[in-house]
Structure formats: C-alpha cells, structure tokens
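These notes concern the structure reproduced below.
In what follows, chains are A, B, ... by sequence order, proteins preceding strands, each numbered from 1.
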Number of protein chains: 2
Amino acid sequence: MDTTQRTDQQRSADRRRRELLEAADRVVLRDGPGASMNAIAAEAGITKPILYRHFGDKGGLYAALAKRHTDALLDSLRAALDAPADRRERVEATLDTYLSAIEARPQVYRFLMHPAEGAPSEQGFDVGKHSAPLLRRMGEELAQVIEERLDLGPGSQQLARVWGHGIVGMMHAAGDWWLGERPCSREELVRSLADLLWGRLAAAGDKVGSPGF
Amino acid sequence: MDTTQRTDQQRSADRRRRELLEAADRVVLRDGPGASMNAIAAEAGITKPILYRHFGDKGGLYAALAKRHTDALLDSLRAALDAPADRRERVEATLDTYLSAIEARPQVYRFLMHPAEGAPSEQGFDVGKHSAPLLRRMGEELAQVIEERLDLGPGSQQLARVWGHGIVGMMHAAGDWWLGERPCSREELVRSLADLLWGRLAAAGDKVGSPGF
DNA sequence: CGTGCGTGTTACTTCCGGTAACACCGAGTC
DNA sequence: GACTCGGTGTTACCGGAAGTAACACGCACG
C-alpha cells in the first residue's frame, strides 16, 4: 500500500543521500580519512545533524562510502577473475586490475583500507571484526572462485578460503609497499607476484655462498 | 664531558620511560588502541603533561610502544627464519611463530596493525607512509633473508623485496582472518599457506564440472 | 642563601562526534 | 482559510579527547 506513495519521498531521499555521499567523497579524497563531519557537511552545503539523520553516525557514513568504492572495485576484479583465459593469465589480470585501481586513486584506496577507528566507547573490541572489510570481502570472493574452479581434493573449501585471504593479503601488502616506493613498473610487480604464486620460491636454488650450516 | 654526568639522569629518565611504557602497555592491552592519554597517565600514577614531556605526542608514545613489541616479534621471527633446517621447514616455522604470537596476544597484534590514525591536521597524506610499520619492517626483513639465501637470477633484489612484502602480507591477512573466524587449527593453516607458497595453486587441476569456456 | 632544573600538578583551550530543541515549508484535511 | 504533520534545515549545546600554559615543590650546587 505504501510502495506507490513511497516512491516519491524515497526517490528524493535517495537522491539526497547520493549527493551527500558524493560531497563526502570529495572531502575524504581531499582531506583523507580524518575528514570531520563538519567539513563534509560544509562541502555538501548543509550542517551536521542532517548527515546524522541520513547515516546515523560517522561509521555509517564511512561504511556507505566504502561500500560504493568496494563494490566498484569488486566488480572489476570479478571481471578479471572470470575472463576466459588460462589460469596464469587470469591471475595476472586480476593482480593488474587491483594494482591499477590503487595506482589510479590512492586516496580512495587508503580510505578503504583504514575506514573506521577513532570511535570512542569502542566496546567489545573483537579482534578482526573491522580491520578492513574490503580485504575480507575480496578474500571471500577469491576463495569462492578458487573453490569453484580448482580441484583441490579433500578439504578444498577450507583450503580455498585460506588461499583466498592469503592471496588477497599478498596482493594488498605488495601493492601498498609498491605504491609507497615505486621500485618497479606495475608489469614487473605483477610478474613477480605471479611467479611467487607459481612456486618459484620453492623451486629456486640455494645461493652458492649461502651460510653453510 | 657530559657523558659521565649524564649517566645518572639518563638512567633515571630511561627507567621512568620504561615504567611509563609498561603502564601504557597495560592500558592499551586492556582498552584497545583507543585508550586515552588520561587513562594511560592515571595507570602510571601521574598526569598527562608528563607523558607529553616524555613522548612528545600520542603518536610518539604509540610509536615507542609499537617498537617494543615489533622488536620482540621480529626477534622471534628471525630465529625461526635462521634455523638450520630445510626451506620448507623454515617457512613453516616462521609462519607458525607469527601465528602463535598473534594468537597468544591478539590485543597487542591489533594495536600494532592499526597504531596511528586520528591525528588532526594530518598533512601531506602520503599514501603508504604509515599504514603498518610492523608489516613494512617484516617485509624488508624477509626480503633480506630471501635475497641472502636464494639464488633468484637477475633482478634478484627486486624480486626478493616483492616476495618479502607479498609473503608477509599473505601471512598477515590469512592470520587476521583466521584469528577472527578460527576455521581450522593453526597447524592446518600453516600447512595450507606453505602449500600455497609451494606452488600448489599452479599445480592444481581444473575442477571437472567447472564452467567450460 | 638562592638559583637553576627536573618532576609534578591544576586549569585551560580547541576541536570533534553527537544530540536536543527549535524554525521553516509544502501538502493534505476540515 | 486555518490547522496539523512530516520532512528538511538550523543554532546551540554536551562530553570527551589531545595538547598546552603556568604555576609549585624538591634537590643539588655555587
């Protein structure tokens, strides 16, 4: 009964919400994740309480903001992951997609990786609950693809999840470091990481002059 | 000329500093990284300005605190990394050392991974500068060991650094996820990760019913 | 005796997240 | 046309945290 009536208000509320999110986006991209609610409200041309009415609290706003970017990135990754190519190519394409994304918009990336924090009266403090939702989602997503596509024998589901989170973490940490120091080209980085996943660590020989026990 | 005079004051100042750090440690371990300077001062039986005289600002205190734990963890890891065993065993021992550490003291671990944040007037916002100093140090350390021990052919130094940071990231992300969900035993996790590094991802067969492109 | 100097305190400023209370405005109703 | 009502907006405040004076005690050294 209210579905038809709702549309009008709902649509306008949704549009407002999107405008607010875009303003918040601009501010966060400019000032970093420490951007204040006042600043965001000012950018949107309004005042704080409105933000709170729309998003509850700062965490809510940041979560909404993060969801937008996270969804976008995950879509790109899914595309690379599902491409009709052989495994190595798909892995490299996925790595490259992720690295391209963080290279193109490092501020977004920084924000996504360290969203929450700072809330006073932080209760239970369950380890691992927040951290980085994006990493978790990427890990789960990758785990699913691995489990669907690869024959890993018994315990495959568990193994796939470990690998999913592990590979995502590898990608993330290497990307973070690379972005800070730019020690090599993106292509080289992708190749090096793929080599690592392809077992080159195990296959490498000992160094000749290595400390001989 | 002042070296002899200094010893006395210096020693007492150092002892005081250590006491303060220990108090801070207790509070942070109890209340999480959001612990206030007031709370830390109270735990130490003093008041805020003293903390500021010793550590400059909250970041300084947290950095000092982080350094203690980071150094300790890195020592353990170095021991595992340098053990006289074959490569696979060393890798497993290192993974296990890290995972044991975060399992034994999750609060410390949480603190180390998300130390800073929250400072207003955060200038330049260089991506990747802060993030997690511990991860960076671990990555560099591992890179060094890899480069020392393995024969990786041309470009070995670059490759070692990529791998160092990548492997550390893998360990971290998998550990973080594991700590939150506890989906398997530590031994299984270690084995799964070592398998990943040993190329099982590349070696696995396609699943029979997999979507055939 | 007094003059530094290290150690400590109280009391303050500033800023931020979050909230309460009030003000305006357009639509539907009698 | 007056009246209410929901949505949008505001100002003004609270509580708490970081960080900073400014002042006070104690102790060695001339």
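- Contacts of residues 38-53 of chain B with DNA chain D (heavy atom under 4.0 Å): B:K48, B:P49, B:Y52.
- Across the helix from C:dC1-D:dG30 to C:dC30-D:dG1, the helix axis at one end is tilted relative to the axis at the other end by 30° (nearest 10 degrees, each axis from five pairs).
- For A:L20 and D:dT8, the CG to C1' distance is 11 Å, given to the nearest whole Å.
- Using a cut-off of 4.0 Å between Lys/Arg side-chain N and Asp/Glu carboxylate O, A:R136 and B:D176 are scored as salt-bridged.
- Under the rule for a side chain to side chain donor-acceptor pair (under 3.5 Å), A:K48 has no partner lying at least two apart in sequence or in another chain.
- Straight-line distance from the CD atom of B:E19 to the C1' atom of C:dT7: 13 Å, rounded to whole Å.
- In this structure, the CZ atom of A:R15 is 12 Å from the P atom of D:dT8, given to the nearest Å.
- Between B:E103 and B:R182 there is a salt bridge, since at least one side-chain N of the basic residue sits less than 4.0 Å from a carboxylate O of the acidic one.
- Sorted by first and then second residue, the ring pair (Phe, Tyr, Trp, His ring centres under 6.0 Å) pairs involving residues 175-196 of chain A (not counting sequence neighbours) are A:W177-B:H165.
- A salt bridge is defined here as a Lys NZ or Arg NE, NH1 or NH2 lying under 4.0 Å from an Asp or Glu carboxylate O, and A:R88 with A:E92 meets this definition.
- A search for side chain to side chain donor-acceptor pair (under 3.5 Å) contacts involving B:R200 returns B:D195, not counting sequence neighbours.
- Here D:dA18 is the nucleotide among C:dG18, D:dG19, D:dA18 with the atom lying nearest to any side-chain atom of B:S36.
- Residue B:K58 contributes atom NZ, which lies 15 Å from atom P of D:dG16 at whole-angstrom precision.
- Distance, A:F55 CZ to D:dT8 C1': 15 Å, rounded to whole Å.
- In summary, B:E181 and A:R161 engage in a salt bridge, as defined by a charged side-chain N under 4.0 Å from a carboxylate O.
- Put simply, OH on A:Y62 is 11 Å from P on C:dG18, counting in whole angstrom units.
- Judged as a side chain to side chain contact (heavy atoms under 4.5 Å, CB included), and not counting sequence neighbours, the contacts of B:D96 are B:S100, B:R186, B:V190.
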